[in-house]
Amino acid sequence: MRLLTPPAAPPLVALLLGASNAGCTPPVPPEGAPLLVIGRDASGGYAPVARTLPELSDPIALDGELGTGFRGGALTPDGYHEGGPLAIDWALDGDVLVPLDEDGLVLWSFYAHLADLRAELEAGGHDVAPIFPVRIAYTPASVLDFAAAENAAFVLGQRLFVLFPDALDSVPLAANAGVVRHEFGHAWFELLVTGESGGEVPWLDEPVVVIQGINSLGEGFSDMVATLTLDEPDFFAPSVPQPSRDVRSDAIATGRYPSAEDGPLGYDPYALGTVYAALLWDVREATSPAMALDLAVGSLQTWGAAGDRDPDRFVQILVQRASGDARTAACDSATVRFPHLDVPC
Amino acid sequence: MLILVAAALAAEPAPMVGVGLDVVAWHTSARHDLHPALTAFAHLGPSTAPWSVALEATTARRIDGDAFVRYRTVHLRADALAGVALGTHATRFHASLGPALTVRAVAVASDAASTAATRLEPGVRGRVALDGPLVGRLGWAWHVGATTRGPGLDWDAGLGFGVRL
Amino acid sequence: MTLRLPLVAAGLLLGTACSTLATMEGARTLEPGQAQVGGGLSLQHGASPLSYSGVPIPQVEIAGRVGVAPDVDVGLRAYLLGMGFDTRYRFWQGGRWHLAVAPGLFGAWVPALTGTVAGQGSVELRTPVTAEVVLSDAWSVSFGPRLVLRDQWNSLAVAGGRGAVSRLDVFAGGSARVELRARRLVVGLSGDAFAQPARHGGLGWSAGVDLGFRSAPRSPD
């Protein structure tokens, strides 16, 4: 990763000479112009690339068929109170639109990764249309202000992504394809389990311990979406090394379940979530990423349709639905990772 | 400190020119980015009149980005403000409004695309300020202001020192 | 990461850096050497991230002021969570009318909170401009524009490095206060309302009461 030195400041005389990109901002960028984003290549590396994004009809306001971006706003129990319009500043390099600040770069990159995922899922036969259009809020005011930095989130029941600015000198989390897919995984989880997107989230009325268990499954499914669609077991690494989230781990579920002693804020859902995701990675190793994802999606749908609140039932359903090499792998993995569970092998 | 206050109280209001250090919240595509800036200012007008004129020139440089794309932005803003100026002593309170012009030069460097852009951004600036004597002909000034620029507002505050004319 | 608003809102009170939107004084400065101590209680929305949990947040403050020169006094103020100082300058007086400005600097800092957050804090610049009209020996009414510029930051410490992100909150609005003076006792009822133009956070407001005890002036008021 080459360290870029800051560019020299452009001479202000460019304004006087009437050079291109000088003067007042042109009101409308060229239609269909490629955008500079932080893209991910097939080998898993990140680099700035110019690409077209037909889904983004208005790159300045970040508005298109996937959804719309907002500047700020307020996130309350009543929902998201939309903020002001975005105004992504840009200039042309040849025919490429270049964002003139990092916030614009992160927003365009996020939209691009979301567009790629939607296209891949639809090509794979998964109907995610009910999730769109979404709203994308950039640093809204919320109770999370105390810890909001370098992150991305999805709000259940709102069809809302929340992005926070880049703080580290690596791939911004909101521009990390895996993180975008993980957050989308929450939206997909809601759709598969409840049958709708942006509606009531029934388990939020359950006791805290039940909610935390479902949270773990939700985090696990989101990691499944990220790891299996990218075929990347450690998607966080380009942004923030998190070895504990690597789904190639030997993690088992014992000791990772929520308990009443945890209280509402003392439980880490990612620990158990990683075990669920690792199970599906084991299935992927024996079959293929697409097969593993299909199995996860179908099992989650069955789990949700049953109105179940026990996340481990997802494991049992998955083993029951699997066949051939997938079943063998699922059985072997579940027996080890969930030793307390009656796995129907 | 009390000696300075006493000296200040004994002085008369006077126009001032000086320089100061500001913190400016420049609006970006999606939020505000805080950076220090340097300002040269002149507070003009009859010291006994309830009005004043202020001239300001502010410059700032920002370097931003990540491992892939680097941004260097230079701001240069000039404004001319007029408003009320009141004071029960030599220290005067100013509330002013006037036109502002920001010239913003951005250079972007990445492996995929590099470009530079210069933007001329007219706007309106509003400001409240205090200025007063310090020691001898030295004086101080403080301000808080907001300036429209394109679709957003920049906010700033600063403290400066100067020479009383 | 998903958001569970009711769960997240619980228990964050001690972990947030906050501001206060309440007004606790008018435009009439203390006489040189005169002092005032007191406190205030208010209900607020918008100054604290907890406001976005859906309930107004109570705020408790203690404050002290001392006159340092004619038409100039300085104050210290502490609240949940933060503190700061300001200097009030009465820049005009005519008859029953007094005009003052009280620029102040306030802030708070909380060390490492949870997970990767290495610390968070805020610094704010407050610029109230106040007009006060004295109705009688006992009563006065004050009002005026208020501007609070607050920069709040979160520092990160993760395996990939360290960093910080800050965000600007702007509270731009106005205040109105009724004051009753009875000998050395000062009681105020105030209301403040703010727009939040920087992050479009909605309406911020405060409704409060303050109580102060002031020493005798060295000269007739």
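Bear in mind that the values here come from a model prediction, so they are computed numbers and not experimental data. Within every chain, numbering begins at 1; the chains are lettered A, B, ... in the order of the sequence lines, protein sequences first and strands thereafter.
Here the closest heavy-atom approach between residue Pro77(A) and residue Tyr52(C) is recorded as CD-O, 3.2 Å. The shortest non-hydrogen separation linking Gly201(C) to Ala141(A) is CA-CB, 4.5 Å. Taking every heavy atom of both residues into account, Asp166(A) and Val165(C) meet most closely at O-CG2, 3.7 Å. Minimum heavy-atom separation, Leu50(C) to Val143(A): CA-CG1, 4.2 Å. The two atoms that bring His200(C) and Arg71(A) nearest to each other are CD2-O, 3.3 Å, heavy atoms only.
Remark: Glu206(A) CD is packed, more than 12 non-hydrogen atoms of other residues, nucleotides or ligands lying under 6.0 Å away. Surrounding CG of Leu203(C) are more than 12 heavy atoms belonging to other residues, nucleotides or ligands, all under 6.0 Å away.
Between atom NE2 of residue His45(C) and atom OG1 of residue Thr76(A) there is a gap of 8.0 Å, rounded to the nearest 0.5 Å.
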